[in-house]
Each structure stands twice: as C-alpha cells, then as structure tokens.
Amino acid sequence: MTKHHNRSELGPIELEVIHGTIRAAELEIEAAVERTARSPMIRDQHDYRVALFDATGRKLTGRSYSAIVEPVFEYFGKDDIHPGDVFFWNDPYNSCGGIGHVPDLCTTVPIFHGERLIGFSQVFGHHDDIGGSVPGSLPVHATDSWMEGVLIPPIKLYEGGVLNEAAFKIIVRNSRLSDHLAGDLDAEIGAAKLGSRRIVALAERYGVETLESAFDQIIANTAEIFRREIFPKIKDGTYHYEDYIEADGVDEPRLHALRLTMTKTPEKIILDFNGTDPEAKGPINWSLDEVEGRYFRKWLAPVLRSLASSPERAAEIDSNEGVLDVIEIKFPEKGTLITPTFSKPTGMRFFLMLRSLGIFAACLSKATGGKMPADHETIRIWGLTGGGTQEEFYLFREVLGGGGPGRPWADGSDVVHIVPNSRNLPAEFSETRYPIMVEQLALKRDSGGAGYRRGGLGYDKRIRTLEECRLISNADRSILGCYGVNGGRAGMSYQVSVLDESGAESVYPGMCDTVVVPPNASVRVVTTGGGGWGDPLDREIDLVVYDLQCGLITEQAAREDYGVVVSLEGRKWTADLEKTEENRAALRERRGALPMFDRGGAFESMKNSGKVNYPSGWTDPDLDWEAVGSDIG
C-alpha cells in the first residue's frame, strides 16, 4: 500500500522533487507532441506550447507561455468536468484571452485521482490550416474572424472517454490539410493525457493533500522570488512608452500604437494600457480583456527575469500563477487593439504580442537606468503555396526568427525565435516535399543594431520556385527597426522581395498574400536584427575585429558605427589603434549625447513628417531620456 504524506510533512527536499517532476512532465509532454505530430508547423518547427495546472486552473509551470483553463469553468462549470473528458477550443473571443488567433487549437484534459479533480494538462498548437479565405488561415486582408477559419467555442471533443465523432469530422473537414490536422489533434490529446498520468503518479506517491500543498507553495514561492530578487532593482515611480504596428492589411498603411503607463510600487507593478489606439479593421487585434487579464499578465511576466542576478538564475525563475500577485493590468474601454469587439480579426496578433513585451521592457529600462535588453522582433510567418487541385495543393510555410536583443551582459543571439525550441525547416526536408530549391540560408550582415553589445543578426534566406505559386508574408517591422537601448542603435528591418528570371526585383510589404510568383524566381526574405545595447564606440576593439573577420559586420560598419579603423592583410583584418582612437573621438564630438532609445532613421523621418501623433495628455515617451553609459553592464 502506498504511504501518503500529510501536508505538514512536506519539506524543502520533497517540494523541490515535486517541482522538478512537474517541470520534467512538461518537457515530456512537449517531446510527445514533437514525436507524434504530423504537420511541419508543429512537428518540425515546434510551434506548440504545453502547461500543467492545479484543480482551480492555476498554472504550475513557467518554462514557456501557454493558454489558460478558465474557458472550461466558464462554459461547463465545476460540476460538468469528468474523467475521460477532453475540452477543445480555438475561438479568440471565447478563450478568456488564452488563444489569440484561429489557427491555435487548444486541448485540455482534466486530471483525476479517483473521482477527485486535481489538475489539468493542456496542449495548444499552431496548425497548418483551419480553413478561412487563404491557405494557412492567416489572411492579411481579413475584416472579420470568419475569414480566418472555423471558430470553435469550448466543447467536449471527448466526453467520458467517448469521441464526439461529428465534431471531429467537421473540424478536420474544414482544413485544406485534413490529414495533418487529424494527426496533430491525436498527438496533442495523447500528449496531454501523458501529462495527466505523470501528475496522478505524483499524487499516488505523496498523497493528494501533500501534492496540493506543494502546488500552493510553488505558486507562492514565485511571487516571493519576484518581490525579493527583482523588485528592488526597479525604481518606484511611473513610466510610459509606446510602440507601433505599421499597417493592418486593410486600411492605408499608418502607425497603430500600443501605449503603456507602468507604475512600480514596493509590492506590485501596475500596467495601464489606456491610450492604446482603436481596434483595427484588419487582423492586428488581440482580445485580452477577460478574467482580469490573467493570460496577459503571465505572458508579460518573463520580461522581469532580465533583471535577475545572472542569465542562469533567470532561467530558474518560473512565471507561473504566482506572477498574478505582483502584476496588475488596467485595460482601456472596449474597442481598442487589445480590447476589440467580437469578430474583429486577430490573425496577426503576434505583432501585438511582441510590442507588449517591448514597451514593458522600455518602461523597465527607464526605471533601471537602462539595464534592460533592447527590442527584438523574433517571429514572423512567411511561405509559398500552390497546386492546381486539392491533391496537388501544398503549403510551404516557416515561422522565422530574427536577431535577439543586445543585453547589458551579452550580444543578442542570432536568428532566434520567441517560441522556445522553435526552428526553421531543414533545406533537405523542404526540397523533398515542396517544389522549391533553397539557394541560401545565411545571417544578414550588419542587421543587428550597433552597440557596446550588438543586436543579434537576422536571416538572409533565398528560395527558388520551381513552379508558379503564391507568396505569403505575415510580418511587421518592415519599416521600423527594433529599438536600441542606452545608446545602442536600432536593428535592420524585415524585407521580402522577388527576383524574376529577367533580373528585375520587386519588393513587397511585410503583409501580403496575393503576390503570384512565377516559376524560376528567387524569393528573398531578410528578417529583423535585434536592437543594440550601449554605446557602440565603447565596444571592445577586438570584438569589432572578430565580428568583421567572421563576416557579421562590414568594414564600413566597423569604421562608421564602431569607430574602428582596420586594414586587410591577406585574409586577416587588423585594427589600427591610433587611427581608431582618433576616429572614435571625432565621432563622439559630432554626435553629442546619446538617447536612451533609438528607433532608427525611418521612425525619425515619419515623426518629422507628422505621421507620429499622441493622444491628449500623452507626451513623447522618448523625450528627455538619455543614455547613462555602458559601464552599468
């Protein structure tokens, strides 16, 4: 007979064992999805997330973002949750903020020990296609949710262990890639059930009372860690910032602003998004204003980990339900970009996901004297689709990363993705499965913003088409670069172009899905570089020479951005220390004081031409904020 512990017997070693087992279970769920899914988006590119929750829907894990469980309680209530049930949904307006756009399908399995509900296991993935007006279910010109695909409110896909076959058939039938979708759903359900078994095993080992006590302590510890280790590094006060989406895909291109006023107290951070621009006609909205913004608060909380004592310590800090005790959200009235009215399209909501992280980090930069990383744009979707019949139909699509932000302690990482463990499609797989040829997969030289710690580099990818197809580009930051911090410079923006057989090049906006690409054309995609951190003229000369030797920057950038004068002897670059000192002194004298934030030349041009406007009572968030020096890193 298994010996169960009482709550009072739970010690620090047992707590750590339970906590570690929950983390291991989360990794095991992810591995199960990866090994059994069918679609390239999930199996190969890893665009899925998992999480474990307690019986009240509190998130226990903090390794990666996930959806939330609240829709189960709102739609079914505590009395209609039973063993063998599998809850399922994707409706952005009926997911309590947890599912942001239609291609994300969410599977939630209740965890029972006997007849007692003790938790939930959840998987959601970005699926290849769930219907809608264009392949991939992310139409850039969408004007309502129904153009983006089939909407599924919370349902029981399984009830008491019995599959709702009619619902399953309807869901799968609405995909252009039905086999992929059916296989992915089976994989996600199976993985969620695996997570359930791991939590039940913990309950068998320690007893339900002890396990639930551990859940309480894990969550409480998170809030205490943030207050003890992170909050003292943030100066109490009120700070504001804003950033922009360049176009909504429907109206004439203009800036759509997300605005934040952050108030820091010893016990809490209050994030007030009043002042945010109205909802858009096109698919750049994000519905978040439900259940006190619980999903949004957990999404934003990991930004605070950048202030941990070391990168290693940052990786140890969870962003579970405990962060709700230290972060409060104030939403604007209904009808803004983050409080849209029902049916406003949300397909490109990942633009706002990244802007929200960026403006929170910028407010923290103000409150810490520039000790936060710069900005990044480490997600966008692009692809090619074609085929004359359904049997010939194909969808080659990638979620490509970009350059990570320069940080006080390190350069930005190259070509990283905000979704943990995600990756681009291998050339061998792509060429075998689709009528394309990968001509180049490289780092884009000079794309990272210059800085004492430079921004990471973006991709420079070229693909040749072997038959006529259609280009898909779901990207922002094609005009405005990722901002630099504390004297660092903005990174390079996104670019997508097509070079036809005659050599003529056509450049397209970041949001497009109607461009017909002829056979034997070369499609080039350059993704964003991360913003730089700190004064580039303070960067160590040997690091500048190393970057030049590795082909990460050009000789011109070394001289003009970093002030390093070099000469080439054979294949080796060498710095002239005397000329470098003179050049850096001259550059410093010409430029004057550096700003805390650099948004790049395109933003300054738009601002000078009157295309940047502020609402009543709102001041320029960049005004009077100067860099404080690179030595703080």
Side-chain angles (χ1 to χ4, degrees), residues 41 47 89-95 97-106 124-153 171 173-177 181 244-256 258 276-289 334-355 379-386 393 395 397-399 469-478 494 496 508-516:
M41 181 68 78
D47 197 355
W89 65 86
N90 80 331
D91 186 343
Y93 291 92
N94 285 292
S95 66
I99 293 297
H101 60 183
V102 175
D104 286 351
L105 304 180
C106 186
F124 86 82
H126 183 147
H127 292 260
D128 274 343
D129 188 274
I130 190 68
S133 61
V134 301
S137 309
L138 290 175
V140 303
H141 305 300
T143 55
D144 63 45
S145 295
W146 294 280
M147 293 178 70
E148 298 179 313
V150 60
L151 299 175
I152 307 160
I171 293 165
R173 181 64 171 174
N174 273 275
S175 173
R176 296 174 177 86
L177 295 163
L181 181 56
Y244 316 93
I245 295 171
E246 298 166 352
D248 75 344
V250 176
D251 282 337
E252 284 298 311
R254 61 178 175 83
L255 298 184
H256 300 257
L258 179 67
T276 291
D277 277 357
E279 62 190 10
K281 291 181 184 178
I284 62 170
N285 306 287
W286 187 17
S287 180
L288 290 166
D289 55 327
K334 204 71 178 171
T336 73
L337 291 171
I338 58 171
T339 59
T341 53
F342 172 61
S343 86
K344 290 296 181 183
T346 62
M348 311 301 154
R349 65 86 168 86
F350 46 88
F351 299 169
L352 279 174
M353 294 178 81
L354 293 169
R355 290 309 153 268
I379 182 173
R380 79 274 304 144
I381 298 172
W382 90 282
L384 301 166
T385 183
F393 171 77
L395 175 62
R397 191 169 60 161
E398 292 183 292
V399 185
C469 55
R470 193 164 72 180
L471 171 66
I472 296 171
S473 177
N474 307 142
D476 197 38
R477 290 293 200 219
S478 62
Y494 172 85
V496 60
Y508 296 101
M511 292 177 68
C512 61
D513 58 20
T514 59
V515 175
V516 176

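As the structure is a computational prediction, the values presented were derived from the model and not from experiment.
Here side-chain hydrogen bond (donor to acceptor under 3.5 Å, both in side chains) pairs that include residues 127-140, with residues two or more places apart or in two chains, are His127-Glu188, Asp128-His180, Asp129-Arg176. Note on residues 341-352: pairs passing salt bridge (charged side-chain N to carboxylate O under 4.0 Å, His left out), not counting sequence neighbours, are Asp104-Arg349.
Looking at every heavy atom in both residues, Ala247 comes nearest to Asp476 through N-OD1, 4.5 Å.
Taking CG from Leu384 and CD1 from Ile472, the interatomic distance works out to 7.5 Å, rounded to the nearest 0.5 Å. Arg470 contributes atom CZ, which lies 10.5 Å from atom CG of Leu395 (distance to the nearest 0.5 angstrom). Note that CG of Asp513 is 7.0 Å distant from CG of Asn474, once rounded to the nearest 0.5 Å. Summarising the geometry, atom OG belonging to Ser95 is positioned 11.0 Å from atom CG belonging to Leu151; distances are rounded to the nearest 0.5 Å.
Legend: residues meeting ring-ring contact (aromatic ring centres under 6.0 Å, His included) with Phe393, ordered by chain and number and at least two apart, are absent. Scored by the side-chain hydrogen bond (donor to acceptor under 3.5 Å, both in side chains) test, Thr276 finds no partners at all (sequence neighbours excluded). With sequence neighbours left out, the side-chain hydrogen bond (donor to acceptor under 3.5 Å, both in side chains) criterion links Glu398 to Trp382, Lys461. With sequence neighbours excluded, the residues satisfying ring-ring contact (aromatic ring centres under 6.0 Å, His included) with His101 are His126.
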Any chance you could lay out the side-chain contact (heavy atoms from CB on, under 4.5 Å) test for Ile130 and Ile171, step after step, and finish with the verdict? CA-CA 8 Å; Ile130 190 68; Ile171 293 165; 4.3 Å; yes

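Inter-residue side-chain proximity for Cys512 and Leu471 is flagged as met; some heavy-atom pair is nearer than 4.5 Å.
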